[in-house]
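For reference, the structure is listed below as structure tokens.
All ligand and atom numbering here is 1-based and tracks the order in the structure.
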Amino acid sequence: MNLIPAFLLIHLFTVGAGLWLFPAYAGQSVTLKSPPASLEQWYKPINKRQRWLHTMFKLRREMQAIGENADIGDKAATLKWIKRLDKHYNEIAEMVPEWEKEIKPRLIPELEMFAEKGDTYRLGKTLKMIKRTCDDCHTVYQPLVTAIYRAPHYDDIRIKNKKGQSQSFEENMEDLSASVNRILIALDDGRNTVASEAGKKLANELQNLGDSCDRCHKDDDYPRERILGKATRLRFETLQEAITEGRVRDSQKLMGEIAVTVCARCHNIHRIVHDLRDALLLDE
Ligand code: HEC
Ligand code: HEC
Ligand code: HEC
């Protein structure tokens, strides 16, 4: 009997806390700015590599190396990494001149001076000041840059069926969705032939979709196998048997499995990022 009041108490408490927090939470907003156009040249397809991103990885490694080497008192190594940081930190404004005011290159000679003197304390402080310029830019620009230049997009993918007709990715998705629901409706209404036909149609549509995976997954069969491979083919075979034998509950269960292991699994990897990108780039 003691459990019930305790549960209620916790419940009321969390609801109360939720209400308390709500106004502050609702008032929060983030400002994201579009990056300068000159950034584009440092990304695929204009650039052969994701140049900007690789410069960023170098910066992070250099910051870490400077801090760690200063801590163990290896002056030569600290100075070596400061030289590299100097080069790449300044590259930010060389690559994207509009971002010149976002960095503080004068901090690098200071860093060097403190390293020469073995003043680890002030070296650490200066590293923190540099780190703040990294963080300030990231807060405002990073999410949109990642969305624009690195999130996969599906708009230019055409999906072909066996007759050679082609459709967009989105049209294929709408067909998949219609087929899934046609199967479920027909099972519910006791129309096995319709369910069976729709089951075959769904398997075909997924097959056609599967031919488009290598647009992005070049020379890698594993992603397709993971979602549309043997396990999925087996489920579709079992589904046909179940429908033909009039086992409605088994068929529904298999449809549930297909929805999770095929549709939801693929959506969790690709669609969430796609939809987020679309939402962020509303005005494009
Ligand atoms: C590549 C893996 C992949 C698989 C497998 C997949 N989807 Fe999708 N789906 C996506 C992506 C990516 C989007 C967003 C792209 C778009 O809308 O253009 C999407 C969008 C959708 C949409 C929204 C379409 C719209 O009008 O915006 C529906 C509905 C949908 N999928 C249904 C399904 C169903 C049902 C299945 C399973 C039978 C399925 N999908 C399997 C990747 C997949
Ligand atoms: C003027 C803007 C700007 C400054 C200054 C800047 N960055 Fe970046 N950084 C970016 C942008 C934009 C991205 C997103 C790139 C992407 O996702 O392709 C990024 C991404 C990164 C990433 C990749 C994160 C990830 O795992 O995806 C790292 C690491 C990074 N920056 C390190 C640094 C360090 C360290 C500094 C400072 C020494 C720094 N950056 C300064 C703009 C900046
Ligand atoms: C527009 C590009 C694009 C298309 C088309 C695409 N994917 Fe992906 N997929 C990605 C990206 C990006 C990742 C994450 C990075 C990676 O693992 O390569 C990913 C990751 C995956 C993963 C997780 C990583 C792994 O290897 O297990 C699976 C599974 C997957 N995709 C399956 C598929 C299937 C199946 C299709 C076709 C029906 C497909 N993808 C089509 C871009 C795409």
N, O or S of His138 under 2.8 Å from atom 8 (Fe) of ligand 2: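 Coordinating: yes.
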Just going by heavy-atom distances, which of [options] is nearest to [atom]?
atom: atom 24 (C) of ligand 2; options: Gln142, Met95, Met56, Gln64; answer: Gln142
atom: atom 39 (C) of ligand 1; options: Thr232, Val273, Leu176; answer: Leu176
atom: atom 23 (C) of ligand 2; options: Thr133, Leu53, Leu59; answer: Leu53
atom: atom 40 (N) of ligand 1; options: His153, Arg277, His267; answer: His267
atom: atom 43 (C) of ligand 1; options: Met255, Met173, Arg265; answer: Met173

Sub-3.5 Å N/O-N/O distance, Tyr222 and ligand 3: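 No, since none of the N or O atoms of Tyr222 sits under 3.5 Å from an N or O of ligand 3.
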Backbone or side-chain N or O of His217 under 3.5 Å from ligand 3 N or O: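 So ligand 3 has an N or O lying under 3.5 Å from an N or O of His217.
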Check ligand 2 against [X] and write out every atom of the ligand that is under 4.0 Å from a heavy-atom position of the residue.
X: Tyr43; value: 15 (C), 16 (C), 18 (O)
X: Trp52; value: 9 (N), 10 (C), 11 (C), 12 (C), 13 (C), 15 (C), 42 (C), 43 (C)
X: Arg60; value: 26 (O), 29 (C), 35 (C)
X: Ile103; value: 5 (C)

Non-hydrogen atom of Tyr149 closer than 4.0 Å to ligand 2: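 Under 4.0 Å: no for Tyr149.
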Between the side chains of [X] and [Y], is a donor N or O closer than 3.5 angstrom to an acceptor N or O?
X: Ser168; Y: Tyr154; result: no
X: Glu205; Y: Ser179; result: yes
X: Asn208; Y: Asn204; result: no

Donor-acceptor under 3.5 Å (Asp189 side chain, Arg191 main chain):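 Not confirmed, Asp189 side chain does not pair with Arg191 backbone.
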Asp135 bridged to Lys131 by N-O distance under 4.0 Å: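 Result for this pair is yes, salt bridge flagged.
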Salt bridge flag under 4.0 Å for residues Glu257 and Arg235: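 A salt bridge links Glu257 with Arg235.
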Among protein heavy atoms, which lies nearest [atom], and at what distance?
atom: atom 4 (C) of ligand 3; answer: Cys216 SG, 3.2 Å
atom: atom 38 (C) of ligand 1; answer: Cys263 SG, 2.7 Å
atom: atom 29 (C) of ligand 1; answer: Ser177 CB, 3.8 Å
atom: atom 26 (O) of ligand 1; answer: Glu174 OE2, 3.0 Å
atom: atom 16 (C) of ligand 1; answer: His274 CE1, 3.6 Å

Any protein heavy atom at under 4.0 Å, with [atom] as the reference point?
atom: atom 36 (C) of ligand 3; answer: yes
atom: atom 14 (C) of ligand 3; answer: no
atom: atom 1 (C) of ligand 3; answer: yes

Proximity of Trp52 and Tyr149 rings by center, below 6.0 Å: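 No, the ring of Trp52 stays outside the 6.0 Å limit from the ring of Tyr149, centre to centre.
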N or O contact, Tyr141 vs ligand 2, cut-off under 3.5 Å: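 N/O-N/O distance below 3.5 Å does not exist for this pair.
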Metal proximity, Cys266 vs atom 8 (Fe) of ligand 3, N/O/S cut-off 2.8 Å: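 Under 2.8 Å: Cys266 has no N, O or S contact with atom 8 (Fe) of ligand 3.
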Interfacing atoms of ligand 1 (cut-off 4.0 Å, heavy-atom, Phe169):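 Taking each heavy atom of Phe169 in turn, ligand 1 has 1 (C), 10 (C), 11 (C), 12 (C), 42 (C) under 4.0 Å.
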Per-atom contacts, ligand 1 versus Tyr154 - under 4.0 Å to a heavy atom: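 The atoms of ligand 1 under 4.0 Å from a heavy atom of Tyr154 are 12 (C).
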Part of Leu209 within contact of ligand 1 (heavy atoms, under 4.0 Å):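 For Leu209, only side-chain atoms sit under 4.0 Å from ligand 1.
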